Number of protein chains: 2
Amino acid sequence: MTYAKKRPAAPARPAPRLAHCGADALAALSDPTRRAVFEKLRHGPQPVSALARGMPVSRPAVSQHLKILKDAHLVSEQRDGTRRLYRIEASGLEALRRWFDMFWDDALARFAAHAEAPPKREKAVAMKGKDRG
Amino acid sequence: MTYAKKRPAAPARPAPRLAHCGADALAALSDPTRRAVFEKLRHGPQPVSALARGMPVSRPAVSQHLKILKDAHLVSEQRDGTRRLYRIEASGLEALRRWFDMFWDDALARFAAHAEAPPKREKAVAMKGKDRG
DNA sequence: TCTTTGCGTAAGTCATAACTTACCAATACG
DNA sequence: CGTATTGGTAAGTTATGACTTACGCAAAGA
């Protein structure tokens with residue numbers, strides 16, 4: 001969940017720095033229903049009602065999910081009469097993969113090196129019960 | 001968001017079928033703060049307070065995020081005195097990659113084949129204004 | 001042993017994501 | 001032109017996730 005407006009109990013939230021890569025795609029695919037829709041598209045381009053058919057949610061819900069997937073460049077839309085064919089778009093997957101490979105390579109390298117160099121224990125500067133920096 | 005308990009406005013929600021692969025990992029990485037923590041771990045194993053340092057959220061918040069990452073097998077924990085060293089765990093990444101490569105391969109194959117075979121238009125069985133199947 | 005450091009967990013708050021139904025626009029079709 | 005199909009969008013509801021503070025326990029260190 002991303003906080004934006006003011007919230008009394010939590011002073012602020014200056015948008016934690018994050019790699020602006022496959023972030024949107026990750027968020028988009030974090031929802032089970034959205035994943036289900038996305039997986040349905042593996043069988044080829046489909047109109048909204050076909051995607052909604054058999055799903056436990058309403059057609060408008062699927063529409064809303066498709067919008068999110070589209071914004072994340074995970075699907076693209078092609079108008080065909082009154083229908084709109086949705087299909088999986090490579091670019092979103094690609095962005096995701098780039099972000100992801102970063103860690104993958106790292107993990108492998110680190111595993112290969114086998115030297116983890118656990119951080120030195122350093123004297124903490126007296127914070128009695130304080131949970132905040 | 002995953003619905004579980006009853007909700008008057010929405011009859012039921014029988015858990016949309018989904019490939020039980022990197023699902024947890026995707027959900028875990030969908031949060032910006034969690035990604036930030038995860039990215040910090042690229043520099044090597046770190047104790048909780050080191051991870052929390054400089055973050056816009058409290059230390060307990062980071063602890064909670066680490067629990068989620070751990071449940072998704074994205075990080076592992078090693079006790080060291082009063083500290084607990086967290087490090088990136090390959091297995092979660094691997095699961096994620098498997099799920100992900102499924103689509104990736106598909107997308108490439110489909111792109112290569114170039115034949116999309118858009119679904120035939122079929123007479124819908126008269127549903128006046130109904131949004132549900 | 002008494003204190004400090006390190007960290008997990010409980011309880012409570014609040015914004016919001018994921019739904020719902022209703023409505024509207026656009027295209028196809030008779 | 002009237003009607004049905006298709007699908008996007010608005011408005012409203014609710015469960016939940018991301019926080020907070022407070023507390024408690026375990027290991028070090030004096």
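What you see is a predicted model; the values in this text were computed from it and never measured. Every chain is numbered from 1 and lettered A, B, ... according to where its sequence line falls, protein lines coming before strand lines.
Distance, A:Leu69 CG to C:dA18 P: 11 Å, rounded to whole Å. Rounded to an integer number of Å, the gap from A:Leu66 CG to C:dA18 P is 13 Å. Distance, A:Leu51 CG to D:dG8 P: 10 Å, rounded to whole Å. Nucleotide C:dC7 holds its P atom 15 Å from the CE atom of B:Met55, rounded to whole Å. Between the CZ atom of B:Arg84 and the C1' atom of C:dG8 there is a distance of 6 Å, rounded to whole Å. Between the CG atom of B:Asp31 and the P atom of D:dA18 there is a distance of 5 Å, given to the nearest Å. If you measure from atom CG of B:Asp80 to atom C1' of D:dA26, you get 13 Å, rounded to the nearest angstrom. Regarding A:His65, its NE2 atom lies at a distance of 16 Å from the P atom of D:dG7, rounded to whole Å.
Remark: B:Ser58 is in phosphate contact with D:dT20, judged by side-chain N or O atoms under 4.0 Å from OP1 or OP2. For the OP1/OP2 pair of D:dG8 and a distance below 4.0 Å, the side-chain nitrogens and oxygens of A:Tyr86 include at least one atom meeting the criterion. For D:dA4, neither phosphate oxygen OP1 nor OP2 lies less than 4.0 angstrom from any side-chain nitrogen or oxygen of A:Thr82.
A:Arg34 comes within 4.0 angstrom of sugar-phosphate atoms only, judged by non-hydrogen atoms across all strands, and of no base.
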Look for any protein N or O under 3.5 Å of an N or O in nucleotides 9-11 of chain D and output each such pair with its distance, or none.
none

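Atom CD of B:Gln46 and atom CZ of B:Arg53 lie 9.0 Å apart (nearest 0.5 Å).
Residues passing the ring-ring contact (aromatic ring centres under 6.0 Å, His included) test with A:Phe38, sequence neighbours excluded: B:Phe103. For B:Glu94, the salt bridge (charged side-chain N to carboxylate O under 4.0 Å, His left out) partners at least two apart in sequence or on another chain are B:Arg98. Checked against salt bridge (charged side-chain N to carboxylate O under 4.0 Å, His left out), A:Lys70 has the following partners two or more places apart in sequence or in another chain: A:Glu77. A search for side chain to side chain contact (heavy atoms under 4.5 Å, CB included) contacts involving A:Arg97 returns A:Asp101, B:Arg97, B:Phe100, B:Asp101, B:Trp104, not counting sequence neighbours. With sequence neighbours left out, B:Ala27 forms a side chain to side chain contact (heavy atoms under 4.5 Å, CB included) with no residue at all.
Checked by atom type and distance alone, the side chain of B:Arg35 pairs as donor or acceptor with a backbone atom of B:Leu29 at under 3.5 Å.
For the pair A:Ile68 and A:Arg79, nearest-nucleotide mapping onto DNA chain C gives the more 5' position to A:Ile68.
For B:Val48, whose side chain is taken as the heavy atoms from C-beta onward, the closest listed nucleotide among C:dC7, D:dG7, D:dA18 is C:dC7. Of the candidates D:dT20, D:dT6, C:dG6, D:dT20 carries the atom nearest the B:Val57 side chain, counting heavy atoms from C-beta on.
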